[in-house]
Amino acid sequence: MLTIEAAHRVTKTDENCDDIPKLEKALSRLFEIDSLEYHERWNTWTESNVERKRLKGYWINKWICTDTHVGEMAYFLDDELVFTCEQTARKSDAAIYFVDPSAYQKVK
């Protein structure tokens, strides 16, 4: 099964909702945002005090690396799949894969 197929079938529950530890750094780098901060697990993403509650991530596959969950996640903006993200180890950077150019524009 391809990652994109798994992402469309992901379990969207509160128990499966989480984040890739280095996602905020990857998004900041990708969109050239200097002040993106992450607080209280998906309740407040702030950039210049603007709340971001519309982006939710769900684990496709996860494992423990030292003391941190890492793996692959599907991210949904307004309940629509926009990208998958992968972090293979605790100290590795996160890689973001958009489903298509329009999804990139939506997130941007």
Side-chain angles (χ1 to χ4, degrees):
M1 179 181 295
L2 298 173
T3 301
I4 194 77
E5 293 170 342
H8 281 289
R9 297 178 184 180
V10 73
T11 305
K12 294 182 188 177
T13 62
D14 289 341
E15 295 79 25
N16 197 36
C17 188
D18 204 354
D19 64 302
I20 289 280
K22 294 197 176 182
L23 174 67
E24 65 274 12
K25 287 185 182 180
L27 286 173
S28 294
R29 196 174 323 116
L30 182 67
F31 295 123
E32 299 177 359
I33 300 169
D34 294 329
S35 60
L36 186 63
E37 296 179 19
Y38 172 73
H39 300 285
E40 298 176 23
R41 191 174 294 171
W42 299 118
N43 289 331
T44 55
W45 278 68
T46 58
E47 184 225 341
S48 305
N49 298 322
V50 176
E51 285 193 12
R52 298 178 187 267
K53 297 182 180 182
R54 299 166 49 199
L55 186 66
K56 295 196 183 276
Y58 301 95
W59 289 107
I60 298 171
N61 184 20
K62 69 179 176 180
W63 56 90
I64 295 284
C65 181
T66 311
D67 60 352
T68 306
H69 278 111
V70 295
E72 297 174 299
M73 293 191 74
Y75 285 86
F76 294 79
L77 182 64
D78 297 335
D79 208 32
E80 180 182 335
L81 179 64
V82 286
F83 64 87
T84 61
C85 188
E86 176 183 50
Q87 185 178 0
T88 57
R90 182 174 64 90
K91 292 190 177 186
S92 296
D93 287 336
I96 297 173
Y97 307 98
F98 285 91
V99 296
D100 58 34
S102 66
Y104 175 87
Q105 288 301 321
K106 259 189 177 176
V107 173
K108 187 175 181 182

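Numbers here simply count residues along the sequence, with the first being 1.
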From W59 atom CH2 to T11 atom OG1, the distance as rounded to the nearest 0.5 Å: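 Interatomic distance, W59 CH2 to T11 OG1, rounded to 0.5 Å: 14.0 Å.
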Measure the spacing between CD of Q87 and CG of D93 and express it to the nearest 0.5 Å.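 Answer rounded to 0.5 Å: 8.0 Å.
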Under the ring pair (Phe, Tyr, Trp, His ring centres under 6.0 Å) test, residues paired with Y104 that sit two or more places apart: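 Per chain and number, Y104 pairs via ring pair (Phe, Tyr, Trp, His ring centres under 6.0 Å) with F31, F98.
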Could you list the residues that satisfy ring pair (Phe, Tyr, Trp, His ring centres under 6.0 Å) with Y58, not counting sequence neighbours?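 Per chain and number, Y58 pairs via ring pair (Phe, Tyr, Trp, His ring centres under 6.0 Å) with F76.
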Stepwise side-chain contact (heavy atoms from CB on, under 4.5 Å) test for L55 and L27: CA-CA 12 Å; L55 186 66; L27 286 173; 4.3 Å; yes
In terms of heavy-atom contacts, H69 and K62 come closest through CD2-CD, 3.6 Å
Closest non-hydrogen atom pair between P21 and T68, with its separation: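 Heavy-atom minimum between the residues: CG-CG2, 3.4 Å.
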Answer whether the closest heavy-atom distance between the side chains of Y75 and V107 falls below 4.5 Å.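 Side chain of Y75 against side chain of V107, heavy atoms only: no contact under 4.5 Å found.
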Side-chain heavy atoms of M73 within contact of D18, under 4.5 Å: yes
Just to verify, what does [X] make a side chain to side chain contact (heavy atoms under 4.5 Å, CB included) with, not counting sequence neighbours?
| X | answer |
| --- | --- |
| S102 | D100 |
| A26 | A94, I96 |
| L2 | I4, E5 |
| A95 | Y97 |

Who passes salt bridge (Lys or Arg N to Asp or Glu O under 4.0 Å) against D67, sequence neighbours left out? R90
Hydrophobic cluster identity match, V10 and F83, side-chain contacts under 4.5 Å: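 They do not share one cluster, since no chain of ILVMFWY contacts under 4.5 Å joins V10 to F83.
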Cluster link L23 to V99, ILVMFWY, side chain under 4.5 Å: no
Give every residue pair that meets the salt bridge (charged side-chain N to carboxylate O under 4.0 Å, His left out) criterion with at least one member in residues 78-87, sequence neighbours excluded. K12-D79, R54-D78, E80-K106
Keeping the roles fixed (side chain from N61, backbone from E72), state whether a donor-acceptor pair exists under 3.5 Å. no
Please give the remaining members of the hydrophobic cluster of W63, linking ILVMFWY side chains under 4.5 Å, ordered by chain and number.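 ILVMFWY cluster around W63 also holds V70.
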